[in-house]
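To keep things clear, I will list the structure first and then write my remarks on it.
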Amino acid sequence: MEHDAWDAGEARYELVISVDARRSGQYSDAEKPLMRRQIYEVLETAFTQAGVGRDTVHLEDRGDGVLISVPGRIAVARLLGLWMTEVHEKLRLDNRRERRPLGLRVAMHVGPVRHDSEGFCGDAVNLACGLADSSVARQLLDREQADLVLAVSDSLYREVVAPGGKFIDPDRFAPARITLKGGEVTAWFQLPGRPAPDIGQAAPGTPPTTSPGSPDADGPDTDDEDGYEDGGGDAEYRAGRDMNVFRDTTFERSVHIGHNIGTDRRKD
């Protein structure tokens with residue numbers, strides 16, 4: 001996407017889309033090119049099906065994902081609705097024949113973006129990357145064994161999702177308070193093709209250990225397939241498949257803790 005010279009460094013409001021692959025650190029060097037090829041095939045096909053010209057958006061490679069900026073002249077609802085539907089359908093069909101199904105975390109936010117000859121930046125970019133990298137997005141994708149999880153900022157939900165529209169159903173989103181490097185924010189999460197997710201079972205977001213959007217920013221779940229880190233307090237606990245961690249919790253009635261036989265599925 002070309003920007004006029006006089007626009008260099010000037011902020012313009014654009015839709016920022018961050019796309020990250022699930023557990024990219026678990027792919028071998030030989031597998032990573034295939035993973036990357038599938039990501040691009042999914043996104044490019046969706047752009048074509050949604051009628052969004054590839055030359056109208058700016059796309060930057062992130063190693064295990066991509067970062068996209070979409071100019072204001074393209075309706076945000078088209079990306080949130082039809083484009084996301086096409087991404088999900090293409091990914092779902094491709095994964096039927098993949099030995100290792102590809103999982104994607106996609107996040108969207110609209111805000112001021114500054115472009116230069118090397119790419120683009122701004123708080124809107126940081127927020128979109130942080131949402132895609134959040135613990136809630138990661139855990140929903142794994143826990144539900146989904147192909148795709150979508151996270152949108154609170155402002156984007158209120159302004160575009162809440163009114164609804166073609167391929168946009170606000171009732172299929174659920175909110176969560178998550179903690180990013182810039183502080184605590186509200187985000188809305190969706191598992192495309194499914195009812196609103198149960199956020200209560202997902203841990204609050206924690207600040208990523210690397211810069212959002214960087215190729216190596218794959219958080220705690222990259223190498224720890226079944227673990228969950230509770231970062232509060234002085235002690236750290238790691239819970240596996242048959243252990244749950246509770247802190248400062250009071251149960252006022254009988255509860256069931258553990259897995260239901262016949263419903264538990266291994267994470268990818």
T56 vs R73, test: side chain to side chain contact (heavy atoms under 4.5 Å, CB included). Steps then yes/no.
CA-CA 10 Å; T56 64; R73 65 179 180 272; 4.2 Å; yes
Verify the neighbour count for atom CG of D123: are there more than 12 heavy atoms of other residues, nucleotides or ligands below 6.0 Å?
no
Evaluation steps, side chain to side chain contact (heavy atoms under 4.5 Å, CB included), between V113 and V16:
CA-CA 8 Å; V113 175; V16 180; 3.6 Å; yes
Checking R138 side chain against D133 main chain: does a donor-acceptor pair fall under 3.5 Å?
yes
Between R105 and D20 (side chain of the first, backbone of the second, donor and acceptor by atom type, cut-off under 3.5 Å), is there such a pair?
no
In Å and rounded to the nearest 0.5 Å, what is the CG to CZ distance from L191 to R172?
10.5 Å
A side-chain contact here means heavy atoms from C-beta on lying under 4.5 Å apart; do L180 and L127 qualify?
yes
List the residues meeting salt bridge (charged side-chain N to carboxylate O under 4.0 Å, His left out) with E118, not counting sequence neighbours, and say none if there are none.
none
For a side chain to side chain contact (heavy atoms under 4.5 Å, CB included) check, start with the C-alpha distance between L131 and S153, then their side-chain angles and the critical distance, and finish with the verdict.
CA-CA 8 Å; L131 295 181; S153 64; 4.2 Å; yes
Please find the pair of heavy atoms, one from I68 and one from F120, that lie closest to each other, and give the distance.
C-CZ, 3.9 Å
d(S69 OG, R114 CZ) to nearest 0.5 Å is 14.5 Å
Output for pair (D154 CG, H109 NE2), nearest 0.5 Å, gives 10.5 Å
Can L150 be reached from I74 by stepping across I, L, V, M, F, W or Y side chains whose heavy atoms are under 4.5 Å apart?
yes
Between F167 and V152, is there a shared hydrophobic cluster once you connect ILVMFWY residues whose side-chain heavy atoms come closer than 4.5 Å?
no
Kindly indicate whether the side chain of N126, heavy atoms from C-beta on, has any atom under 4.5 Å from the side chain of K181.
no
Just grab all the side chain to side chain donor-acceptor pair (under 3.5 Å) pairs involving residues 33-42, residues at least two apart or on different chains.
R36-D61, Q38-N95, Y40-D61
For P112 and A11, the nearest pair of non-hydrogen atoms, with its separation, is CB-CB, 3.9 Å
Minimum heavy-atom separation for A162 and P170, please, with both atom names.
O-CG, 3.6 Å
Side chains of L102 and D147 in contact at under 4.5 Å (non-hydrogen atoms)
no
Reported CG-to-CD1 distance for the pair L43 and I17, which is rounded to 0.5 angstrom:
8.5 Å
What pairs of donor and acceptor atoms, side-chain ones from residues 79-89 against any protein atom, are under 3.5 angstrom apart with sequence neighbours left out?
from: T85; atom 1: OG1; to: G81; atom 2: O; distance (Å): 2.9
from: H88; atom 1: NE2; to: P192; atom 2: O; distance (Å): 3.4
from: E89; atom 1: OE1; to: R92; atom 2: NH2; distance (Å): 2.7

Taking the side chain from R62 and the backbone from S18, do they hold a donor-acceptor pair closer than 3.5 Å?
no
Does one hydrophobic cluster hold both V161 and Y13, with members joined at side-chain heavy-atom distances below 4.5 Å?
yes
L141 vs E144 side-chain heavy atoms within contact, under 4.5 Å
no
Donor-acceptor check, side chain of R78 to backbone of V52, threshold 3.5 angstrom: yes or no?
no
Quick one: does L15's side chain get under 4.5 Å of L156's, heavy atoms only?
yes
Contact check, side chains of L140 and I199, non-hydrogen atoms, under 4.5 Å:
yes
Y157/W188 aromatic ring centres below 6.0 Å
yes
Looking only at side-chain N and O atoms, does E14 offer a donor or acceptor that is under 3.5 Å from a partner on H115?
yes
Would you say V66 and L34 are hydrophobically clustered, going by side-chain heavy atoms of ILVMFWY under 4.5 Å?
no
Heavy-atom closest pair, residues A21 and I39:
CB-CD1, 4.0 Å
Note: A107 and A128 closest approach over all heavy atoms is CB-O, 3.2 Å
